[in-house]
Amino acid sequence: MATAGKSALTARAEDFPRWYQDVVARAELADNGPVRGTMVIRPWGYGIWERLAAALDERIKAAGAANAYFPLFIPEAFMQLEAEHVEGFNPELWVVTHGGGKALEAPVVVRPTSETVINYYFAKWIQSHRDLPLLVNQWSNVVRWELRPRLFLRTTEFLWQEGHTAHATEAEARAYALRILTDVYQETIVDVAAIPVLVGHKTARERFAGAVRTWTCESMMGDAKALQMGTSHELGQNFAKVFGTQFSDTDGSLHYPWQTSWGASTRLIGALIMAHGDDFGLRLPPALAPVEVVVLMVRDDEGVRRAAVQLADDLRRAGRRVHLDDRTDTGFGRRSVDWELKGVPARVEVGPRDLAEGNVTLVTRHRRTKEPVALRRLLDAVGDLCDRAAGELRDEALAFREARTVEATSLEAAIDAGASGFARVPWAEVGEDGELQLAGESLTVRCLQRPDGTLAAAGESDDALVAVVGRAY
RNA sequence: CGGGCUGUGGCGCAGCUUGGUUAGCGCGCUUGACUGGGGGUCAAGAGGUCGCGGGUUCAAGUCCCGCCAGCCCGACCA
């Protein structure tokens, strides 16, 4: 049985950006900060971030990296050392010029990313091959000047994790960057966030400032635009050279280590909204939902409260994250809509009518269906729902992406198809000149991959690869 | 930085062209009653330096000048 009701939001098809803003506001995910471009993450949004961060953190640690923390303030001089890094980040820097009421002798940069400070310490800590590999990660905020902020997607300050590693060999660094890409980012995004991804590497034009290669996970949002979900960079020896990081090898010779860096941010919350949301609000995969199941009392009489409390207890004991909504001074419709907006995967409605028949009503958020369930079957039914939800959301997103992806054989065809989705076109048909043309059409190459969708191998030429072209956030 | 637009209770807006009584509407908020299975009904309330500064006038939300802030569109970005 489908649930009734009209949308509380702007329809997605009518105005996607406005729908997005509506969801962020109505699901109480975030608010604009008082300084332009800054963001207040509200408890519901932060609850999602905590779960996402935990999923990433667990995998980062499994990959051997340990958490550390480096300072927010970076000497301006550090930022000016690596040529491409300078060029890439200077336009985005916030510089502190005063402290304690006086002009600082040397201005200080608010970190836009931490390659430079971290490498300053790597130079100190790395002396011997025995110090390698050095694998650190930090959870932090970063600050970048932004011209057009949008909550979660592009804000002046955002939260992320950034990993930084140093290895004895190029092959090892490369393997590690790839391991992070697939075992941390791809796995978290696909398995936990239930968002299908395309993996590949960036063209020179799209590469991270200071990297020799940038690997990326790219996804399609509900408006058929692309969003970069997580990136992993091979930095080569670029930073090691400018910071003078060297290690003595077993034979006593000195070498620069090979490095990686990688990050994923609160932008993933934006991805969750745009990949799974519908006209009725957010749809959360259970693993990321701060509340998996809400028990909603229709009225507070005829033993409803006793039954609802009991059910919530049973669910909690079964390991589910449960919220009991007993606000019976608020209308039923209002409360239903609230939880739907927030994307809670399962809702259990408890009222006299159900109880009279020994039932409750179970509502599945992502399908917007409701069905009566016998009281004694509820734990299993909620369990099934939570087990199935992520897979069904993922299938839906994948089907959408496939329907909006075109195999193109020429640049012209790719430009045409890119307007309404992704185009897969041989990179040989694009090239750096083609990339310029694409830019003129507000299109970019999101990533390069093999025709079968797999990652290029070490030393493999780009010539036989396919470019995924699309509009992007 | 170039072009277009907007500032009026928490949010969204009307009022301005043609100055004139007490600045209004929707949503939200408070209280109460009736309700209650998808934003329910009724009643009574609270809440405003009309962005800021100056000017014109007997009189300015409304007209004039300046400033400030924000939004949208074009080149960067997790």
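Protein chains get the first letters and strands the later ones, always in sequence-line order, with residue 1 at the start of each.
- Minimum atom distance to the side chain of A:Arg154 is reached by B:C77, of the listed B:G37, B:C77, B:G38.
- A:Trp19 meets the ring pair (Phe, Tyr, Trp, His ring centres under 6.0 Å) test with A:Phe16; sequence neighbours excluded.
- Residue-level contact check: A:Ser232 touches neither bases nor backbone, having no heavy atom under 4.0 Å from any strand.
- Between the base of B:G37 and the side chain of A:Arg335 there is no donor-acceptor pair shorter than 3.5 Å.
- Counting any heavy atom pair closer than 4.0 Å across all strands shown, A:Gln228 reaches sugar-phosphate atoms only and no base atom.
- Considering only the side chain of A:Glu146, B:A78 comes nearest among B:C29, B:A78, B:G38.
- The aromatic ring of A:Phe158 stacks onto the base of B:A78, its centre lying under 5.5 Å from the centre of the six-membered base ring with the two planes under 30° apart.
- For RNA chain B, none of the residues of residues 281-292 of chain A falls under the heavy-atom distance limit of 4.0 Å.
- Remark: A:Arg59 pairs with A:Glu187 by the salt bridge (Lys or Arg N to Asp or Glu O under 4.0 Å) rule, at least two apart or across chains.
- Distances were taken from every side-chain heavy atom of A:Leu147 (C-beta onward) to each of B:G37, B:A75, B:G38; the shortest belongs to B:A75.
- Evaluation of the ring pair (Phe, Tyr, Trp, His ring centres under 6.0 Å) rule for A:Trp427 yields no partner, not counting sequence neighbours.
- Looking at heavy atoms from C-beta onward, A:Leu178 lies in side-chain contact with A:Leu455 at the 4.5 angstrom threshold.
- Residue A:Gly351 is in base contact, counting any heavy-atom pair closer than 4.0 Å across all strands shown.
- The side chain of A:Thr361 sits closest to B:G37 out of B:G39, B:G37, B:C76.
- By the salt bridge (Lys or Arg N to Asp or Glu O under 4.0 Å) test, A:Arg154 pairs with no residue at all, sequence neighbours left out.
- In this structure the side chain of A:Gln138 reaches within 4.5 angstrom of the side chain of A:Arg111, judged on heavy atoms.
- For A:Glu92, the listed nucleotide lying nearest its side chain is B:C77; candidates were B:G38, B:A78, B:C77.
- Taking 3.5 Å as the limit, the base of B:C77 and the side chain of A:Arg144 contain no donor-acceptor pair of atoms between them.
- Under 4.0 angstrom from either OP1 or OP2 of B:C77 there lies no side-chain N or O belonging to A:Arg150.
- Stem analysis of RNA chain B (Watson-Crick or G-U pairs, both distances under 3.5 Å, runs of at least three) returns B:1-7 with B:68-74, B:10-13 with B:24-27, B:29-34 with B:40-45, B:51-55 with B:63-67.
- In the set B:C76, B:G38, B:A78, B:A78 carries the atom at the smallest distance from any side-chain atom of A:Trp160.
- In this pair, A:Phe70 and A:Tyr121 present their aromatic rings tilted. The plane angle is within the 30 to 60° band.
- Nearest to the side chain of A:Thr231, among B:G70, B:A78, B:G37, sits B:A78.
- Not one side-chain nitrogen or oxygen of A:Arg18 sits closer than 4.0 Å to the OP1 or OP2 atom of B:C72.
- In the set B:A78, B:A75, B:G38, B:A78 carries the atom at the smallest distance from any side-chain atom of A:Thr155.
- Relative to the side chain of A:Asp338, the nucleotides B:A78, B:G38, B:G39 differ in distance, and B:G39 lies closest.
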